Amino acid sequence: MSSANKETDGKPGPDASEGAGRSLDFVRKIVAEDNASGKWDGRVVTRFPPEPNGYLHIGHAKSICLNFGIAAENNSVCHLRFDDTNPEKEETEYVESIQADVHWLGWDWGKNLFYASDYFEQMYEYAVQLIKAGKAFVCDLTADQVRHSRGTLTTPGKDSPFRNRSIEENLDLFQRMRAGEFDEGTKTLRAKIDMASPNLNLRDPVMYRILKAHHHRTGDKWCIYPMYDYAHCISDSIEHITHSICTLEFEDHRPLYDWFLNELDVYHPQQIEFARLNLTYTVMSKRKFLELVRGGHVSGWDDPRMPTISGFRRRGYTPESIRDLCSRVGVAKNDSVVDFAMLEHCLREDLNKRAPRMMAVLRPIKVVLTNYPEGQTEEMDAVNNPEDPSAGTRKVPFSRVLYIEQDDFREVPPPKFYRLSPGREVRLRYGYFITCQEVVKDSAGNVVEVHCTYDPATRGGDSPDGRKVKATIHWVSAEHAINAEVRLYDHLFRKEDPDDVAEGQTYLDNLNPNSLEVLTDCRLEPSLADAKPGAPVQFERLGYFCADPVDSRPGKPVFNRTATLKDTWAKIAKTGGR
RNA sequence: UGGCGAGUGGCGCAAUUGGCAGCGCAUCUGACUCUGGAUCAGAGGGUUCUAGGUUCAAAUCCUAGCUCGCCAGCCA
C-alpha cells in the first residue's frame, strides 16, 4: 500500500503514518488488498458518520482516527457526515461540538462536510423506486403490532396484512405520508424482504416513519424520516465511499445494507465492522452521559472526569496522547477493554517532552529559615524543562519564609521516607540545602511551622563539598506565591467495570465519591499567574496540570490535575513501607 | 434449543498465512538522578478456550464441543 505521509489537501493533519505500524490491522489489510486488486480503481474514501445527538467520546476518537487515518495514509479524504435522520434527538449544538472535537483531534474533512438530510429527496425517490419494484410497502400496523408480528429470535414472524397492497396504492399512500395526511405512528414504509429470516433485521424492516418534528436543518419540510439502515447505505453510496467502517453491533445489519443497494442497483461500498473502544473505570454511552449530566453527578458533558473529547480536553489531555492511544490499541474484531493506565502512559509520554515545569505547593506548611536574612529576596534560576533545553530557564523568588508540601515533612519519618524531618537535611529544588531544627505546634499539637537552617554555600542546589542529600523537594516563597484553587481528579467510578453491580444496583452505585477533591489554599510560583488556560504544565513532583478553561479568571486561576506523575513513594506507602 | 461474530501472558494487540509464540501497557528488580519524575538495564508471567484428528511440524488446517458478545426500536 502507499505509505506516503502527505497530508490531505495540505490541511493540517497528524502524521499519516500514525497507526500504520509494521503489521497492518485487518481493516487496513482489506484496503491494501483492494488497492492491489484495483477493486475501487485505486480510490479510498472513508467517512465518519456521527449522529448529532450528543458529544463525542474517546470511543469515537478510535473511529475517527481509523477513518481519517486510513484516508490520510492513502492521500485521500474522509468525509464528515452527520447522520441526522432522527429530528427528535438531534441538535445544532451537537453538530458544532462534534466539528470542534474532530478538529481538535487534528483531523480535517476539508470541503467534505455532509448531512444525511442533504439526501432526503434522493432517498425518497429511491423509496418510490423500490415500491414500484414491489420491494416496499406501506404498512398500517402500529409499532406494537409490528413488534408482535416480528416473531422472536427462535420463531419466524408473520407477514403484515398490508404486505400485498398494490403498487398503485403503496405509491399513493407513501406520497400522502409525505404530504402529512397521516398521524405519527399510523403508517410506515417497510421493505418487503422475509418475515421468516433468522436475521431479524431482514424481517420487513421499517424504512420510513412519520415524525412531525422540526429538523435542525430541513426545518418542517419533511414529516417522514428514513431509518438508519435505509439512509446510511444510500448516503455512503451517494458519496462514493469505498470502505464503510462501523462498529461490531452493525454486523447483523450488513445484509440489509447490501440488500438495499443491490435492489436499487447503485454504487455499493463495502461495510466493515470493528470492535469499539472501551476503557476501564469509564462508561461509554450517550445515554449514561446524559444521566450523569442530568443527575448532577458531573458538571456537564465537558466535566474533566467525563470520557468525552471535551472532557479530556478540559482535563488537560492532548490530542496527540489520544491519537497515540488509538494507534496503540489496534483494530480488531473482539470486544475488549483497554486499561486506563494505557491512556495515562500516552499522556505522560507526550507531556514529559513538552510540559514546562513549575513549582506549586498544594497543601502548604510554612518553613522559616532562621538563619536567612530577614527581608532578603533572591532570584533563583530554574530550568523550564530538563527534557527540552530550548525551553530555557526562569527566575523563581526565594526568601526567608517558604511553603513546602505537608507530605514532604514528617515529624516521625516512616521507613524509606527520606524527605524532611527533624535533624534531616534535604535540598530545596534550585534553592539551598536546608536542615530541620525544630517544629512549632499549635495548642492541639499539630505542626504549623517548621524551622530550618540553610547552608549559604549550597546556593542553587549544589554542595561544594560533595555532600549528598536523599531528597529534593519543591517550595514556593510565601511572600511571592500566588493563591489558587486546584482540582484533583480521580476515576469517576471506583470499579474497573462500572457496570459490575449487585442485584438491583446500577452503574451509578459505583460512582467514586472521591473523584473530585478541591484544594482552595494552594500556593504557586508567581510565573503561574498568567498560565494559559488549557496549556499543560508540570507541577514538579506532583503531576501534569492545566488552568481550567472554564473557571479560571485573570489573577485567579483554577488548575485541573490531568494526571499524577508516576509515584514510587505512593506505592511504598501503600504497601506499608515494606 | 435462531442468526451473526469473537476466543493468544493480568490488559490491548502481533505472528511473513503450516516452521523457535512476539510487541506495548501493567507488575517486579537493579542502575542513575537537583522531580521518589524522566531515562537505562533486566526479570517474572503462555496447556494460543477444550477434546480429538491431519502433519516431520498446528495459534494457524479438519471434526465436535465450551465460553463470551451482539440482534426481537417506528434509535443510531
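Note on naming: letters A, B, ... go to the chains in the order of the sequence lines (proteins, then strands), and numbering restarts at 1 for each one. This is a predicted model, so every value here is computed, not measured.
- Rounded to a whole angstrom, the distance from the C1' atom of B:G9 to that of B:A21 is 11 Å.
- For A:Tyr257 and A:His253, the gap between ring centers reaches or exceeds 6.0 Å.
- Judged by distance alone, the side chain of A:Asn170 and the main-chain N or O of A:Ile131 form no donor-acceptor pair under 3.5 Å.
- Within the nucleic acid shown, A:His474 has no heavy atom closer than 4.0 Å to any nucleic acid atom.
- At the heavy-atom level, A:Arg427 lies under 4.0 Å from base atoms of the strands shown.
- A:Glu51 comes within contact range of the sugar-phosphate backbone alone, with a heavy-atom separation under 4.0 Å but no base atom that close.
- At the heavy-atom level, A:Val469 lies nowhere under 4.0 Å from the strands shown.
- Put simply, A:Arg541 has a side-chain N or O that comes within less than 4.0 Å of OP1 or OP2 on B:G36.
- Contact between the side-chain N/O atoms of A:Asn278 and the OP1/OP2 oxygens of B:G12 is not found at any separation under 4.0 Å.
- Nucleic acid contact class of A:Tyr225 (heavy atoms, under 4.0 Å, all strands): none.
- A:Tyr281 and A:Phe493 have their aromatic ring centers separated by at least 6.0 angstrom.
- Residue A:Lys416 places none of its side-chain N or O atoms closer than 4.0 Å to OP1 or OP2 of B:G36.
- Nucleic acid contact for A:Arg190: none, since no nucleic acid atom lies under 4.0 Å from a heavy atom of the residue.
- For the OP1/OP2 pair of B:C28 and a distance below 4.0 Å, the side-chain nitrogens and oxygens of A:Lys571 include at least one atom meeting the criterion.
- Of the side-chain N and O atoms in A:Arg287, none sit less than 4.0 angstrom from OP1 or OP2 of B:A76.
- Nucleic acid contact class of A:Thr85 (heavy atoms, under 4.0 Å, all strands): sugar-phosphate only.
- Close to B:G37, at under 4.0 Å from its OP1 or OP2, lies a side-chain N or O of A:Thr568.
- For A:Phe260, the ring-ring contact (aromatic ring centres under 6.0 Å, His included) partners are A:Tyr230, not counting sequence neighbours.
- The cationic atom of A:Arg427 (NZ for Lys, CZ for Arg) does not lie both less than 6.0 Å from the six-membered ring centre of A:Phe433 and within 45° of the ring axis.
- Using Watson-Crick or G-U wobble geometry with both donor-acceptor distances under 3.5 Å, B:U67 finds its partner in B:A6.
- Contacts of A:Leu565 with the nucleic acid, taken as non-hydrogen atoms under 4.0 Å apart, include base atoms.
- Using a 90° window around 0 for the glycosidic torsion, B:G73 falls inside it and is classed as syn.
- Of the possible donor and acceptor atoms, none in the side chain of A:Gln271 sits under 3.5 Å from a partner among the backbone N and O of A:Ile245.
- Looking at heavy-atom distances under 4.0 Å, A:Phe417 makes contact with a base.
- The residue A:Glu88 sits apart from the nucleic acid: no heavy atom pair falls under 4.0 Å.
- Counting non-hydrogen atoms under 4.0 angstrom, A:Pro156 reaches nothing in the nucleic acid.
- Within the 4.0 angstrom heavy-atom criterion, base atoms lie near A:Asp252.
- For the OP1/OP2 pair of B:G73 and a distance below 4.0 Å, the side-chain nitrogens and oxygens of A:Arg147 include at least one atom meeting the criterion.
- Among the protein residues, A:Tyr418 comes within range of the nucleic acid bases, having at least one heavy atom under 4.0 Å from a base atom.
- Note on A:Arg209: a side-chain N or O is less than 4.0 Å away from OP1 or OP2 of B:C75.
- Although no hydrogens or angles enter the test, the distance criterion places no donor-acceptor pair under 3.5 Å between the side chain of A:Glu181 and the main chain of A:Met177.
- Base pairing analysis places B:G12 opposite B:C23; the two distances defining the Watson-Crick or G-U wobble pair are each below 3.5 Å.
- Taking only side-chain nitrogens and oxygens, A:Lys470 never comes nearer than 4.0 Å to OP1 or OP2 of B:U35.
- Among the heavy atoms of the strands lying under 4.0 Å from A:Ser336 are primed sugar atoms or P, OP1, OP2 only; no base atom is included.
- Using a 4.0 Å cut-off, no side-chain N or O of A:Arg203 falls inside it from OP1 or OP2 of B:G73.
- Regarding contacts with the backbone of B:C71, every side-chain N or O of A:Arg254 stays at 4.0 angstrom or more from both OP1 and OP2.
- Between A:Lys333 and B:G69 there is no side-chain polar atom (N or O) within less than 4.0 angstrom of OP1 or OP2.
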